[in-house]
Undergrad: 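This is the structure I have questions about; it appears just below.
Below, read A as the first sequence line, B as the second, and so on, with proteins coming before strands; counting in each chain starts at 1.
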2 protein chains.
Amino acid sequence: MSASQFSTKQRILGAAEALFAQHGFAGASLRQVTSAANVNLAAVNYHFGSKDNLIEAVFRRRLDALNARRHAALAKVEANPAATLEDALDAFIRPALELALDRHGGAAFMRMLARAYAEHDERLRRFLSDNYGHVLREFAVVFHRMLAHLAKEELYWRLDIVAGALTYTMADFGLIKRRAGTSETAHREYTIEHLVRFAAAGLRAA
Amino acid sequence: MSASQFSTKQRILGAAEALFAQHGFAGASLRQVTSAANVNLAAVNYHFGSKDNLIEAVFRRRLDALNARRHAALAKVEANPAATLEDALDAFIRPALELALDRHGGAAFMRMLARAYAEHDERLRRFLSDNYGHVLREFAVVFHRMLAHLAKEELYWRLDIVAGALTYTMADFGLIKRRAGTSETAHREYTIEHLVRFAAAGLRAA
DNA sequence: CCCCGTATCAAACGAACGTTTGAAGGATAG
DNA sequence: CTATCCTTCAAACGTTCGTTTGATACGGGG
């Protein structure tokens, strides 16, 4: 009798995502993970090799898609000569918020991402920068063009604040229940709009 | 021969602060802490009772002063009828940034605080809310008065973004080297001014 | 002087950790 | 049926964890 329709690998990834989000990478043990996933303890090392590799696999499963969608959205912005700062921010925010609001563990993943943001673990930072940093750098170039009046140094630390604030906020959004009577899409559009406006105001501030 | 001019208790608190900031609460072991503090392993449980109590003591040592200074600064704002939103934000930001920029472990503490912000650990959240939540609620009241046009719900989640963004940013600021030739106070004032403007723009955004 | 409370120490406790092992299934191909 | 490969399993590996213990040193007050 299998405990779920998903494969052992997928069940491990799902359970790990939820537990890493809740207790952190060091705080969640492989025994907790395999117990929640209803698989044998040895399955983690069999399928992933080590706990560190499992952590990377959890990131990879979501970030490949998230990064691709952010990249595609940004490409559309760059193709449009009339695109505004708000459009670029939308390209950054929308894919992440859709992920945070989906029902298949996306919220847990965003909380895990926010945790990784707060951690200054060298190995994890290098992994994320090496594999997913190029899209962030593409965004930086576009923001630099749209905010040409800002000194490079000033722009970079504003982007740092904005990226941190957005990641932190979106991580918590999966937990907040939306107001009764509003549809899922209305809630999402409302949130995106406000996040974009909030971020744009901060980036443009004189 | 003592390894430092400070007492065993103080050396433990200092080492714990630095290691918790770097590796997290679960990730930093008492053996790392006591080794860095040059004290015996048993000293932690002798002076603090448990690792959890040590964590709380590390918070208490800094937060008592930080909260008091924020409270005092806010009281001055409330006493001034002409005070602006920027003044209130200054009252929130300045004490924390001064802590983050001081040379006696303040930077490590702010990184630790940002970590606690990202963690959703129930015990830690309750401890912080019970002991230090009242000042944050005072700020919320003032912001509510200064931004009366915003719906309560809207205000609260904007404050949530701002508090998170500021905490994250200030946590990283202790790590950033200031531009050559600028004085410590000039650097601080520059940073505070920009953080205040950034936060005010986000809070006021139409 | 002895006593007593405080502090430090090396050593050990049981529990939990990540990882490895070797045997047992279970499906598929020859 | 046998052989092979992939997967799962219980059990154990050595290590490290937070915590506890009992001995030892120290330092005034009676």
Undergrad: Look up atom CD in Glu78(B) and atom CG in Asp87(B), then write down how far apart they are to the nearest 0.5 Å.
TA: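 Reported value, rounded in 0.5 Å steps: 12.5 Å.
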
Undergrad: Which letters describe nucleotides 7-18 of chain D, given B = protein heavy atom under 4.0 Å from base, S = only from sugar-phosphate, - = neither?
TA: BBBB-B----BB

Undergrad: Whole angstrom is fine here: how far is it from CG in Leu54(A) over to C1' in dC17(C)?
TA: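 Answer to the nearest Å: 15 Å.
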
Undergrad: Pick one: which of His23(A), Arg115(A), Arg111(A) meets side chain to side chain contact (heavy atoms under 4.5 Å, CB included) with Glu119(B)?
TA: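 Per the side chain to side chain contact (heavy atoms under 4.5 Å, CB included) rule, the option paired with Glu119(B) is Arg115(A), out of His23(A), Arg115(A), Arg111(A).
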
Undergrad: With a 3.5 Å cut-off and sequence neighbours excluded, list the donor-acceptor pairs that the side chains of residues 134-143 of chain A form with protein atoms.
TA:
from	atom 1	to	atom 2	distance (Å)
Glu138(A)	OE1	His71(A)	ND1	2.8
Glu138(A)	OE2	His71(A)	ND1	3.3

Undergrad: For the residue pair Phe59(A) and Tyr132(A), is the inter-centroid distance of their aromatic rings smaller than 6.0 Å?
TA: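 No; Tyr132(A) has its ring centre 6.0 Å or more from that of Phe59(A).
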
Undergrad: Any stems for DNA chain D, made of 3 or more Watson-Crick or G-U pairs in a row, each with both distances under 3.5 Å?
TA: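 Stems found: C:4-30 with D:1-27.
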
Undergrad: Measure CG/Asp52(A) against P/dC17(C) and give the value in whole Å, please.
TA: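 To the nearest whole Å, that distance equals 16 Å.
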
Undergrad: Which pair of heavy atoms, one from Tyr168(B) and one from Ala118(B), lies closest together, and at what distance?
TA: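 The pair with the smallest heavy-atom distance is OH-CB, 3.6 Å.
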
Undergrad: May I ask you to check whether over 12 heavy atoms, not counting those of Arg60(A), lie within 6.0 Å of atom CZ?
TA: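 Yes, enclosed.
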
Undergrad: Looking at every heavy atom in both Arg62(B) and His104(B), which two are closest together, and how far apart are they?
TA: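 Nearest heavy atoms, Arg62(B) then His104(B): NH2-O, 2.5 Å.
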
Undergrad: Would you call Arg94(B)-Glu189(B) a salt bridge at under 4.0 Å N-O?
TA: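 Glu189(B) and Arg94(B): salt-bridged.
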
